[in-house]
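Here the structure is a predicted model, which means the values were calculated and not measured.
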Amino acid sequence: MNRPLRVTAVVGTLSTPSKTTALVELILRTLADRTPVESRLIELHSLKGTFTGAVARDEVGAEVEEALRAVEEADLVIAATPVFRGSYTGLFKHFFDLVDPYGLAATPVMLAATGGSDRHALVIEHAMRPLFGFLQAWTAPAGIYLSAGDFDGTTVLNPEVYERIEMAVGDVVPVARALAAAAERTTAPTPSA
């Protein structure tokens with residue numbers, strides 16, 4: 001596969017500026033340093049008025065449909081959310097409720113979250129990983145969780161965070177490249193005899 005990885009990042013934050021968005025931007029920069037990428041960042045708060053009342057996919061507007069397709073067509077998805085009461089935001093969950101049930105099957109997904117304290121650190125294992133397991137995605141082994149103490153405003157201060165991101169990116173890039181290459185081989189037109 002010679003083309004850049006198509007990376008779609010979905011951030012379930014409810015406002016701007018956002019620590020969660022800052023974390024995702026750091027992950028995207030780290031990915032771009034490691035391998036060629038075409039990235040798209042979707043902040044759900046900017047779409048909220050257009051899909052929060054939708055019960056089914058055919059009720060969303062064109063902008064949300066395009067965002068859902070970007071997720072389903074990505075070689076790698078970064079799914080990130082702030083934590084409220086031990087779980088992802090309702091906006092985050094509702095967006096992924098609208099993704100095709102098989103739209104993320106075998107797609108690599110990096111999980112990331114931010115919260116007020118370390119009390120929420122297990123959100124990745126107890127809330128996010130089961131959601132993406134249901135969607136049959138391949139979730140990267142290392143999730144990235146940051147608490148408020150890791151930031152100054154939206155600037156990441158904790159040097160260990162950079163190491164965790166490097167490790168997570170190192171785990172996911174080879175898998176994403178291999179799966180994208182395999183998908184291209186299976187969809188490539190066969191030469192006629």
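From H126, atom NE2 reaches atom NE2 of H120 across 13.5 Å, with rounding to the nearest 0.5 Å.
A 4.5 Å side-chain heavy-atom check between I78 and V10 finds every atom pair outside the cut-off. Residues V24 and T21 are not in side-chain contact: their nearest non-hydrogen atoms beyond the backbone lie 4.5 Å or more apart. Looking at M110 and L76, their side chains come closer than 4.5 Å, going by heavy atoms from C-beta outward. Residues T81 and T13 have side chains not in contact (no heavy-atom distance under 4.5 Å, counting atoms from C-beta outward). The shortest side-chain heavy-atom distance between V11 and L23 does not fall under the 4.5 Å cut-off. Between S15 and H45, every side-chain heavy-atom pair lies at or beyond the 4.5 Å cut-off. Two residues are said to be in side-chain contact when any heavy atoms from C-beta on lie closer than 4.5 Å; T8 and I42 meet this criterion.
Of the charged side-chain nitrogens involved, at least one lies within less than 4.0 Å of a carboxylate oxygen, so that K93 and D97 count as a salt-bridged pair. Taking the charged nitrogens against the carboxylate oxygens, E66 and R40 do have a contact shorter than 4.0 Å, which makes a salt bridge. Taking 4.0 Å as the cut-off between side-chain N and carboxylate O, R29 and E166 do not count as a salt-bridged pair. Taking the charged nitrogens against the carboxylate oxygens, E65 and R69 do have a contact shorter than 4.0 Å, which makes a salt bridge.
Counting only residues at least two apart or in different chains, ring-ring contact (aromatic ring centres under 6.0 Å, His included) contacts with residues 133-170 are absent.
Judged by distance alone, the side chain of T89 and the main-chain N or O of G12 form a donor-acceptor pair under 3.5 Å. Checking side-chain atoms of E72 against main-chain N and O of D100 turns up a donor-acceptor pair under 3.5 Å. Side-chain N or O atoms of D75 include one that pairs as donor or acceptor with a backbone N or O of R6 at under 3.5 Å. The backbone N or O of K19 sits nowhere less than 3.5 Å from a side-chain atom of T154 that would complete a donor-acceptor pair. Within the 3.5 Å criterion, the main-chain N or O of I124 finds no donor-acceptor partner in the side chain of R129.
Of the N and O atoms on the side chains of S18 and E43, not one donor lies less than 3.5 Å from an acceptor on the other residue. Judged purely by distance below 3.5 Å, without hydrogens or angles, the side chains of T114 and T20 pair a donor atom with an acceptor atom.
Nearest heavy atoms, A112 versus I27: CB-CD1, 4.1 Å. Shortest non-hydrogen contact noted between A168 and A142 is CB-O, 3.9 Å. Residues R164 and D150 come closest through the heavy atom pair NH2-OD2, 4.5 Å.
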Does the pair L28 and V7 meet the rule for a side-chain contact (heavy atoms from CB on, under 4.5 Å), with working shown? CA-CA 8 Å; L28 288 171; V7 180; 3.8 Å; yes

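For F132 and F96, the ring centers are positioned less than 6.0 Å apart.
Aromatic ring orientation, F51 versus H94: parallel (interplanar angle below 30°, classes split at 30° and 60°).
Residue-environment remark: CZ (R57) exceeds the threshold of 12 foreign heavy atoms within 6.0 Å.
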